[in-house]
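Read through the structure below, which is laid out as structure tokens, and then see the notes.
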Protein chains: 2
Amino acid sequence: MDTRERLIETTRELLWERGYVGTSPKAIQQRSGAGQGSMYHHFDGKSDLAFAAIEREAAALVARAEADLGGPGSAVERVASYLRRERDALRGCPVGHLTMDPDVMADARLRQPVAEALAAVVERLAEVLEEARSAGDLDVEPLPTATALVAMLQGGYVLARASGDPATYTRAVDGALALLR
Amino acid sequence: MDTRERLIETTRELLWERGYVGTSPKAIQQRSGAGQGSMYHHFDGKSDLAFAAIEREAAALVARAEADLGGPGSAVERVASYLRRERDALRGCPVGHLTMDPDVMADARLRQPVAEALAAVVERLAEVLEEARSAGDLDVEPLPTATALVAMLQGGYVLARASGDPATYTRAVDGALALLR
DNA sequence: GTCTATAACCTGATAGAC
DNA sequence: GTCTATCAGGTTATAGAC
């Protein structure tokens with residue numbers, strides 16, 4: 001992995017752990033092993049480097065959702081496997097996380113990939129719910145239901161982090177799946 | 001309002017807007033109109049002042065939930081009025097917000113009021129759901145359902161902030177209420 | 001209770017040598 | 001491409017006068 005790549009991956013980690021406001025260029029340089037000059041050679045500054053990291057994280061989120069929602073099985077099964085996929089509940093969502101960061105939300109460029117990725121996941125889930133409805137397996141409005149389910153996952157992280165217990169996240173998912181029937 | 005009070009209320013505002021990591025003592029002093037010496041006279045430091053603000057915010061969260069969940073009406077109606085209560089979707093939850101802040105989560109003292117308040121809301125909602133179940137109006141497991149519903153609210157903020165549109169929050173609530181039937 | 005002074009370190013970046 | 005030097009300003013306090 002070359003220096004540029006290491007800078008981006010390190011920034012992904014730090015954005016996840018500490019957010020944008022809580023991540024300093026110095027911390028990125030130290031963890032990645034890149035020097036000051038090196039970082040400013042490859043990127044215009046903190047915001048530019050964060051953009052590269054956020055774009056990549058956003059694309060990864062959409063890809064993970066698609067792996068479940070576009071996988072094998074009936075529409076209902078795919079929704080369940082998306083909801084039940086193992087997640088690192090105490091770390092939270094690397095993308096959803098960023099919506100609570102004031103400096104990310106204040107910067108249109110940083111905000112865009114976050115907005116697009118979450119919207120894409122909701123829309124994709126709505127498509128699969130629509131499919132389940134057509135098949136007669138479910139009787140719900142696709143878009144509000146998809147929005148509620150993705151919100152429940154995002155909020156599941158909030159409650160799990162607050163309680164310090166990953167089981168809180170699982171409990172939220174169980175509750176949502178039970179409601180879906 | 002005296003200086004001490006102004007410091008606490010200003011800190012509540014700034015924690016909501018910018019989080020703990022993103023809020024500096026200087027910013028608190030400037031917005032509250034209190035001087036450096038004044039702040040350090042009333043509080044041991046940033047963390048001590050934040051604790052006072054967080055404790056108060058956490059208590060307010062529990063009180064708002066109780067106003068709906070302990071209000072008049074049937075159990076089902078109270079759940080609906082809790083879920084439908086108007087919230088400032090783009091600002092997010094002043095308490096849930098803090099779970100994404102690394103320095104709050106790393107400090108047991110700051111974390112405790114956040115953990116307790118969110119747990120109290122979930123438990124209270126579960127009680128009301130149990131009541132609705134006893135009345136034969138609802139057929140759900142109280143605790144997982146309450147966890148899913150509170151998570152949905154917390155995640156509704158995430159999606160609304162990402163999209164920049166408060167309607168996203170409302171859509172999530174609508175989806176959840178529809179599932180509850 | 002509030003003020004100013006001071007401190008040691010961090011932040012986010014630029015400049016120019018190698 | 002990477003390095004070190006430098007910079008103006010912010011951070012989170014402490015000290016002591018008023």
Side-chain angles (χ1 to χ4, degrees), chain A residues 1-56 97-98 100-111, chain B residues 1-56 97-98 100-111:
Chain A
M1 199 159 52
D2 65 6
T3 301
R4 191 191 146 84
E5 195 60 22
R6 262 191 351 262
L7 281 164
I8 296 177
E9 288 302 314
T10 300
T11 303
R12 277 177 81 171
E13 290 173 21
L14 283 169
L15 286 180
W16 196 1
E17 289 170 26
R18 300 200 42 84
Y20 182 79
V21 161
T23 297
S24 70
K26 187 175 192 176
I28 296 170
Q29 290 153 27
Q30 286 176 339
R31 193 185 286 195
S32 68
Q36 182 92 335
S38 199
M39 184 190 125
Y40 283 99
H41 169 75
H42 290 290
F43 299 95
D44 281 352
K46 176 181 170 176
S47 152
D48 189 45
L49 173 49
F51 176 70
I54 291 174
E55 257 201 320
R56 193 174 285 193
H97 217 130
L98 298 167
M100 294 300 138
D101 202 302
D103 290 1
V104 169
M105 290 297 101
D107 182 329
R109 188 174 178 236
L110 295 181
R111 183 182 176 156
Chain B
M1 199 159 53
D2 65 6
T3 301
R4 190 191 147 85
E5 195 61 22
R6 262 189 353 260
L7 281 164
I8 296 177
E9 288 302 315
T10 299
T11 303
R12 276 177 81 172
E13 291 173 21
L14 283 169
L15 285 180
W16 197 1
E17 289 170 25
R18 303 201 38 86
Y20 182 77
V21 160
T23 297
S24 70
K26 188 175 193 177
I28 296 171
Q29 290 152 28
Q30 286 176 340
R31 193 184 286 194
S32 68
Q36 181 93 336
S38 200
M39 183 190 127
Y40 283 99
H41 169 73
H42 291 289
F43 299 95
D44 281 352
K46 176 180 172 176
S47 153
D48 189 45
L49 173 48
F51 177 70
I54 291 174
E55 256 201 323
R56 194 174 283 192
H97 217 130
L98 297 167
M100 293 300 138
D101 202 303
D103 290 1
V104 170
M105 290 297 102
D107 182 330
R109 188 173 177 235
L110 296 181
R111 183 181 176 156

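The model shown is predicted, which means the values in this text are computed figures rather than measured ones. Convention: sequence-line order gives letters A, B, ...; per-chain numbering from 1.
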| Which of residues 6-35 of chain B have a heavy atom under 4.0 Å from DNA chain D? | B/S24, B/P25, B/K26
| said: Within the structure provided, determine whether A/R111 and A/I54 are in side-chain contact (heavy-atom separation under 4.5 Å). | reply: no
| Salt bridge check: are A/R109 and A/E55 linked by an N-O gap of less than 4.0 Å? | no
| task | Kindly give the heavy-atom pair with the smallest separation between B/V104 and B/Y20, and that separation in Å. | result | CG2-CB, 3.5 Å
| For C/dT2, does OP1 or OP2 lie under 4.0 Å from any side-chain N or O of B/T3? | yes
| For the student: nearest non-hydrogen atoms of A/T3 and A/S38, plus distance | CG2-OG, 3.4 Å
| task | Would you mind reporting whether A/P102 and B/E17 have side-chain heavy atoms less than 4.5 Å apart? | result | no
| Is any side-chain heavy atom of B/I28 less than 4.5 Å from a side-chain heavy atom of B/L14? | yes
| Basic-acidic side-chain contact under 4.0 Å: B/R12, B/E9 | yes
| said: With heavy-atom distances below 4.5 Å as the criterion, would you say the side chains of A/L7 and A/L49 are in contact? | reply: yes
| query | What is the distance, rounded to the nearest whole Å, between atom CD of B/Q36 and atom P of D/dA15? | reply | 13 Å
| query | Tell me, which of residues 38-48 of chain B have any heavy atom that sits under 4.0 Å from an atom in DNA chain D? | reply | B/Y40, B/K46
